[in-house]
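A quick write-up on the structure given underneath.
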Amino acid sequence: MDKYDVADTLELIGTLLELKGENPFRVRAYFTAAQTIRNTTADLMFYINSNSLTTLKGVGKDLAEKITDLAIHGDTKVLSELKSMFPPGVLELLKIPGLGPKRVKILYEQLGIASISELKYACERHQLQKLQGFGTKIEENILQGIEQITKSTGKFLYSIAKHTADILVESISQLKGVILCEVAGSVRRKKEVIGDIDILVSVEEYDIQKTSAEIIQLTQIEQVTGCGETKISTILKNGIQCDIRLVQPKSYPFALQYFTGSKEHNVALRTRAKAVGLSLNEYNFSSISKVQVPRCTTEDDIYKSLGLHPIPPELRENMGEIEEAETGIPKLISEQDIRGAFHCHTTYSDGSLTPEELCEAAKAKHWKFIGIADHTKSAAYANGMSIETAKRQIEHVRKLSTTLTNFTIFLGVECDILPDGSLDFPDSLLQEYDYVVVSIHSKFKMTETEATERIINALQNRYSTILGHPTGRLLLEREGYPINLKVVIDVAAKLQKVIEINSHPKRLDLDWRWIRYAKQHGVKLCISPDAHNAEGLNDTYYGVGIARKGWLEPRDILNTWSNTAIKTLFETIRKD
DNA sequence: GCCGTTTTCGGCCCGACTGTTTTCAGTCG
């Protein structure tokens with residue numbers, strides 16, 4: 001097992017212990033250790049070989065043994081014991097909003113419910129009402145929750161799908177006979193939520209059969225659900241459905257264009273081709289009048305043949321990009337354009353790096369600045385800073401700042417907007433910061449009026465504030481969008497404030513429809529990763545991936561800041 | 001199950017919300 005598998009397994013053990021009704025602090029120890037393992041920079045085997053696992057925070061003698069077992073053998077005694085106590089379906093029940101380990105335990109032990117379908121059946125027949133602590137409302141909420149998760153089943157966040165696809169593409173590329181291999185579909189278009197992965201492989205006709213046979217043997221594949229001459233349908237180890245298509249080199253550019261989609265973009269493109277006497281499919285162009293068939297060796301050639309500038313996959317949604325491509329396409333932001341990120345946490349709250357380490361991580365990415373924004377005291381679950389800690393941090397970071405050359409630290413704070421609309425820190429302290437991210441972390445089910453009042457109160461007359469990850473919910477967790485989002489954009493428009501697009505892969509808050517809505521209302525947006533470790537900084541780019549779908553150009557992002565210091569920095573960067 | 005010591009065991013984040021029950025338990029962030 002690699003460190004991510006080990007971390008996932010430790011969390012699984014923690015969850016099973018919770019179900020068993022174990023001491024909650026013992027449970028927490030597993031989750032803490034999982035987090036630590038996930039955040040380690042060195043390889044897990046390094047700690048094992050050097051016998052230094054116990055130097056990691058939250059890992060003692062006992063967990064060190066279990067981690068070693070998992071890393072080397074892929075299993076540990078306590079795990080198999082726990083697994084034998086609960087059928088796998090019981091764990092599924094925990095995914096239903098409002099159902100935690102205590103209630104799931106009761107449902108399993110008293111009603112024998114061990115799957116979502118059994119739970120649905122029981123709710124519909126009002127069998128839960130017989131249980132102590134359960135009533136009509138809980139039954140209703142569970143049914144609603146089941147409907148919600150059924151809808152999002154089989155959906156994965158972009159970051160997870162991309163990581164999975166990259167590994168598979170690399171494995172396939174190494175097979176003998178494979179000429180080219182790339183990810184297509186919605187992953188290539190950088191959609192924020194992915195249903196399945198499409199992978200395209202270029203092989204000579206005489207190699208197709210042999211290559212297919214080798215692909216289905218790859219370790220990443222859990223199950224082969226279909227295998228024809230040119231298409232293999234699979235389910236990968238992490239549950240993502242993946243279609244692999246094999247095409248001959250001459251068809252590859254056409255297949256890449258076709259399977260990248262979107263469907264709507266392709267329909268529009270074929271319509272355009274037809275208008276000039278050409279028919280376009282996944283294999284080639286053909287002539288439907290007496291037009292000469294253009295030669296295409298790359299995907300770009302296909303667009304050029306139709307009198308268009310090549311359209312980047314991210315924009316292929318038939319949202320006006322084809323018309324735009326007649327004259328030119330705006331240059332999209334690339335990873336190299338990123339110079340820094342705000343909303344990064346350090347060990348002063350719930351981050352795993354010290355300010356010094358965070359700066360080093362940012363410098364390693366050739367960034368020019370970093371914005372630190374740790375939690376304030378009311379975010380107790382995230383180890384929010386007391387006023388005293390905050391003062392200590394300000395002193396520490398300002399001092400660190402003076403030691404750095406060619407690199408700037410902006411010191412901000414992620415300040416909670418409390419339920420009454422006031423801010424968690426007094427204005428006198430907030431003035432000490434370069435910028436303030438104000439975030440809502442509580443009472444999500446507000447009415448529009450309540451939300452508006454709360455946010456307006458928090459933002460009023462405060463100069464350099466950013467409204468932090470305004471929805472505070474996983475995209476996958478809920479059907480539709482939290483009620484507050486429109487409110488947030490409307491308020492930001494009224495008060496001319498910046499909204500942060502939170503690109504932490506687990507909290508992908510906005511999709512391009514809302515970015516467009518914001519843009520229509522003149523609301524400025526910025527990208528931030530909500531990073532808690534060095535790896536988290538990479539998430540900035542995922543946010544850019546989303547943002548570009550809203551036709552956000554670099555200057556939009558660069559212009560989003562009102563704070564003079566930040567603006568000066570951006571002016572400098574722009575000159576580069 | 002870990003940590004930090006008062007070195008052998010007590011403390012470990014906490015407040016809000018919801019629903020059930022009538023004072024509290026479970027869930028969530």
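Below, read A as the first sequence line, B as the second, and so on, with proteins coming before strands; counting in each chain starts at 1.
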Next on the checklist: Nearest whole Å is fine: how far is B/dG19 C1' from A/Ile142 CD1?
Outcome noted: 12 Å
Next on the checklist: Between B/dT5 and B/dC12, how far apart are the two P atoms, rounded to whole Å?
Outcome noted: 14 Å
Checklist entry - Should the pair A/Arg125 and A/Tyr121 be classed as cation-pi, given the thresholds of under 6.0 Å to the six-membered ring centre and 45° from the axis? => result yes
Checklist entry - Do the ring planes of A/His345 and A/His375 sit parallel (below 30°), tilted (30 to 60°) or perpendicular (above 60°)? => result parallel
Checklist entry - For A/Phe134 and B/dA25, what is the distance between atoms CZ and P respectively, to the nearest whole Å? => result 15 Å
Next on the checklist: Suppose we screen for salt bridge (Lys or Arg N to Asp or Glu O under 4.0 Å). Which residues come up paired with A/Lys237, at least two apart in sequence or across chains?
Outcome noted: none
Next on the checklist: Between B/dT20 and B/dC24, how many Å separate the two C1' atoms, rounded to a whole number?
Outcome noted: 9 Å
Checklist entry - Could you state the CZ-P distance from A/Arg28 to B/dG1, rounded to the nearest angstrom? => result 15 Å
Checklist entry - Just how far, in rounded Å, is P of B/dA16 from CG of A/Leu418? => result 9 Å
Item to check | NZ/A/Lys365: more than 12 non-hydrogen atoms of other groups inside 6.0 Å | outcome: yes
Item to check | Whole angstrom value for the distance that separates P of B/dT18 from CD of A/Gln144 | outcome: 14 Å
Item to check | Pair A/Phe410 and A/Tyr433, ring centroids less than 6.0 Å apart | outcome: no
What pairs of nitrogen or oxygen atoms, one from the protein and one from nucleotides 3-5 of chain B, lie under 3.5 Å apart?
residue: B/dC3; atom: OP1; partner: A/Gly58; partner atom: N; Å: 3.0

Item to check | A/Phe25 CZ to B/dG1 P, straight-line distance once rounded to whole Å | outcome: 15 Å
Checklist entry - What interatomic distance, in whole Å, is found between P of B/dT22 and the corresponding atom of B/dG29? => result 28 Å
Checklist entry - Which residue lies toward the 5' end of DNA chain B, A/Leu63 or A/Pro101, if each is placed at its nearest nucleotide? => result A/Leu63
Checklist entry - Looking at residues at least two apart in the chain, or sitting in another chain, which of them share a salt bridge (Lys or Arg N to Asp or Glu O under 4.0 Å) with A/Asp350? => result none
Checklist entry - What distance, rounded to whole Å, do you find between the two C1' atoms, one in B/dC13 and one in B/dT27? => result 15 Å
Checklist entry - Taking atom P of B/dT21 as reference, at what distance in whole Å does atom CG of A/Leu131 sit? => result 11 Å
Item to check | G-U wobble or Watson-Crick pairing nucleotide for B/dT8 (cut-off 3.5 Å, both distances) | outcome: none
Next on the checklist: When you measure only distances, ignoring hydrogens and angles, does the side chain of A/Asn141 come within 3.5 Å of the base of B/dG19 through a donor and an acceptor?
Outcome noted: no
Item to check | No-hydrogen, no-angle side-chain donor-acceptor test under 3.5 Å, A/Ser378 and A/Asp424 | outcome: yes
Checklist entry - In whole angstroms, how far is the C1' atom of B/dG1 from the CD atom of A/Glu65? => result 13 Å
